[in-house]
Chemist: 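Quick one: the structure is below, questions incoming.
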Amino acid sequence: MKALINFVETKVKPNFEKGGRFEKFHRTFEAFETFLYVKGDVTHRGSHIRDAIDMKRTMVYVIIALIPPLLFGIWNVGFQHFKATGEEVAFIDQVLFGLIKVLPIIVVSYVSGLAVEFIFATSRDHEVNEGFLVSGMLIPLVIPVTTPLWMVALATIFAVIIGKEVFGGTGMNILNPALLARAFLFFAYPSYLSGEVWVYEGAEQFIDGFSGATGLAVMAAGEGTMPSDFDLFFGFIPGSIGETSTFAILLGAIVLVATGIGSFRIMASVFLGGLLMGAIFNLFAVNEFMAMPAYRHLILGGFAFGAVYMATDPVSASQTGVGKYIYGLLIGIITVLIRVVNPAYPEGMMLAILFMNVFAPLIDHYIVEANIKKRIKRMKKVRVQTQA
Amino acid sequence: MSEEKNNFPKEKLFSPKNKRLLSDPIGKDNPITVQVLGVCSVLAVTVQLKASLVLAIAVVAVMGLANVIISLLRHGIPPRIRIIVQLTVIASLVILVDQVLEAFVYDVSRQLSVFVGLIITNCIIMGRLEAFALHNKVWPSFLDGIGNAAGYGSVLLLVGAIRELLGSGSLMGYQVIPNFVYNFGYVDNGLMILPPMALITVGVIIWIQRHRDRALVDVS
């Protein structure tokens, strides 16, 4: 390791410094340099709260937290495929099949997104934004495995440019870039994001009676068979790559909460909001979807994934303590509301989070204002007491 | 017009100043991308190039004529009721244009529906009448009207072309993107047909324009 650092410092670095041969690309170099080892300086820009760790380390923790749903997702792609074709294959074949399908999506997402990042970093001369390390992993996890690769690339480029660079890069974005990429795909190519068959569609014929409909699609259409709660919780169901297994996502949530990166307040209040709205619908229960037990909303579709990885994005979420509860609760409530009331959008999580992203600064504003008012009142009281 | 020329024989019809009246609004003083006026109709009608073109022509006609009429009347309009007079002139012209459209291009006029009528509320027209036609002679006013309308229309056409090409794979209703591209797996972008994408397209045009002309960026 020492030798590597030495080599980089003495042989490679001078080329990229002022007057060096590749001066223009020194931001690109810097990005890779900090990726290899911890540098002396830490992140000092962006609207989020900073502390003693470089943002790159923060992002690495999130990547670690994303590993359980990713691994499960890879296996599930294979599992769903062979279930659809009715073949009995070994565990390792399922994983291999999943890898072949999922890896290209991850590679495309990273390559296209980082290419845009590097172009902007070079032309605007700012640091390469580490935020994309996470976004680039989140994007493949929130889309179905059947999405064509060029769409993934297009959505990623759109999300990085319109969602992030326009606002000034990482730490300045109003919306969560990964969700923006998904929203782009959802509205641009609806048939690829909300179809019936979410498992790999190849030349193979599906066995009779197999439907690739997700649980949410089943509920929205009012036909088909609902998977059992056990399958829903552990994720043996069709869906976007990383969203199916609530269990794997909870493992990731533990990592996020333990490292202090994901906000427990937001996660808990999103789940609470979902339960609350589900319970309210249960009271009325005029149709089958409304009568569905409230807890099932939490394990259906992308609810858990959104709550743990998307809603807690430190940049686009509310910053104040009370604000986080309000923000989370409303996400949960709106999600269930969209799911049940609007049959055109079976999955409300994405829209609910994007919607609340927009409102997060407003929530913060009123929380801060309320606090100022409270303190002014307290000051007045103290003054009156001291005068008396 | 000849009267005007006789009064001012020194100034040529297309003097540099007059030329700028025509060219500035298309470029660095564009009503949409620089002044950010009249964005509403850009979002609404630019799904297809044909509708954009018809609306652009309609606005050119209304704006050129309105500027000429108000410029002719400029000494006779009492200042206190000038807005109402301007509005009446614009409204009459818009009704004329609407009738012409319904007579000759009925389908497009249906498609544009209320947006032809809403030319009345297009703040660019009113703004030019207030700011220019009310204080200037007929010929420069005409050029100013045509220039601003062309600036508006050019953005309309650009956004319309981008949205129709990417959203429906066609231009003016004719398929442009060949079939083999579709066979290759290409799919039309449904988001382009939705109004938000018009806003983003206009935003990107503004971005590119300001990137190329730094003078437009107001650094405070």
Side-chain angles (χ1 to χ4, degrees), chain A residues 104-105 108 116 119-120 122-125 143-144 146-169 172-175 177 179-195 200-203 344-345 350-351 354-355 357-358, chain B residues 32-34 36 39 42-44 46-48 155 158-170 175-214 216-220:
Chain A
I105 299 181
V108 165
V116 176
I119 289 168
F120 271 90
T122 308
S123 72
R124 290 188 169 179
D125 197 34
I143 56 175
T146 46
T147 318
L149 292 177
W150 67 270
M151 285 184 192
V152 178
L154 196 66
T156 311
I157 292 168
F158 177 85
V160 173
I161 295 180
I162 302 296
K164 218 161 73 176
E165 287 303 332
V166 161
F167 296 105
M172 306 294 182
N173 44 314
I174 297 172
L175 303 168
L179 269 185
L180 195 66
R182 191 183 195 279
F184 176 84
L185 287 173
F186 183 82
F187 287 106
Y189 311 105
S191 57
Y192 287 82
L193 265 264
S194 50
Y200 176 64
E201 226 179 332
Y345 300 127
M350 170 185 84
L351 298 169
L354 286 175
F355 188 67
N357 276 173
V358 175
Chain B
I32 293 179
T33 62
V34 179
V36 197
V39 176
V42 178
L43 305 193
T46 52
V47 176
Q48 280 174 341
V155 176
L158 189 60
V159 176
I162 294 172
R163 286 182 73 193
E164 192 180 345
L165 184 66
L166 297 178
S168 326
S170 58
Q175 190 181 336
V176 174
I177 294 177
N179 270 327
F180 72 85
V181 180
Y182 286 103
N183 294 339
F184 213 64
Y186 177 79
V187 186
D188 286 330
N189 191 323
L191 192 59
M192 274 290 171
I193 297 172
L194 303 172
M197 213 53 197
L199 191 67
I200 293 173
T201 313
V202 172
V204 171
I205 292 172
I206 292 176
W207 182 13
I208 293 170
Q209 194 192 10
R210 296 198 177 186
H211 184 73
R212 294 176 61 167
D213 188 356
R214 304 306 286 186
L216 295 176
V217 185
D218 46 350
V219 184
S220 45

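The basis for the numbers below is simple: all heavy atoms, side chains too, and nothing from hydrogens, waters or symmetry mates. Labels below follow one simple rule: chain letters A, B, ... track the order of the sequence lines, proteins then strands, and each chain is numbered from 1. What you see is a predicted model, and the numbers here were worked out from it, not measured in a lab.
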Chemist: Hey, can you dump all donor-acceptor pairs under 3.5 Å between chain A and chain B, distances included?
Modeler:
unit_1	atom_1	unit_2	atom_2	d
A/Trp150	NE1	B/Gly185	O	3.3
A/Phe187	O	B/Leu191	N	3.4
A/Ala188	O	B/Gly190	N	2.6

Chemist: What is the distance from atom CG of B/Leu191 to atom CZ of A/Phe158, rounded to the nearest 0.5 Å?
Modeler: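 Between B/Leu191 CG and A/Phe158 CZ, I get 6.0 Å after rounding to 0.5 Å.
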Chemist: Is the number of heavy atoms from other residues, nucleotides or ligands under 6.0 Å of A/Phe355 CZ greater than 12?
Modeler: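 No, CZ of A/Phe355 has 12 or fewer neighbouring heavy atoms, counting only those of other groups under 6.0 Å.
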Chemist: In chain order, what residues pass the side chain to side chain contact (heavy atoms under 4.5 Å, CB included) check against A/Leu354, with sequence neighbours excluded?
Modeler: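 Scan of A/Leu354 (side chain to side chain contact (heavy atoms under 4.5 Å, CB included), adjacent residues dropped) gives A/Leu175, A/Leu179, A/Ala183, A/Met350, A/Asn357.
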Chemist: Looking at residues at least two apart in the chain, or sitting in another chain, which of them share a side chain to side chain contact (heavy atoms under 4.5 Å, CB included) with A/Ile119?
Modeler: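 Side chain to side chain contact (heavy atoms under 4.5 Å, CB included) check on A/Ile119 returns nothing, list empty.
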Chemist: Heavy-atom distances under 4.5 Å only: say whether B/Met197 touches chain A with side chain, backbone, both or neither.
Modeler: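 Contact with chain A: side chain only.
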Chemist: Check whether A/Leu185 gets within reach of chain B through its side chain, its backbone, both or neither, counting any heavy atom under 4.5 Å.
Modeler: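 Neither part.
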Chemist: With sequence neighbours excluded, tell me which residues meet side chain to side chain contact (heavy atoms under 4.5 Å, CB included) with A/Ile105.
Modeler: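 A/Ile105: side chain to side chain contact (heavy atoms under 4.5 Å, CB included) contacts with A/Pro140, A/Ile143, A/Val145, A/Leu149, A/Val152, A/Ile241.
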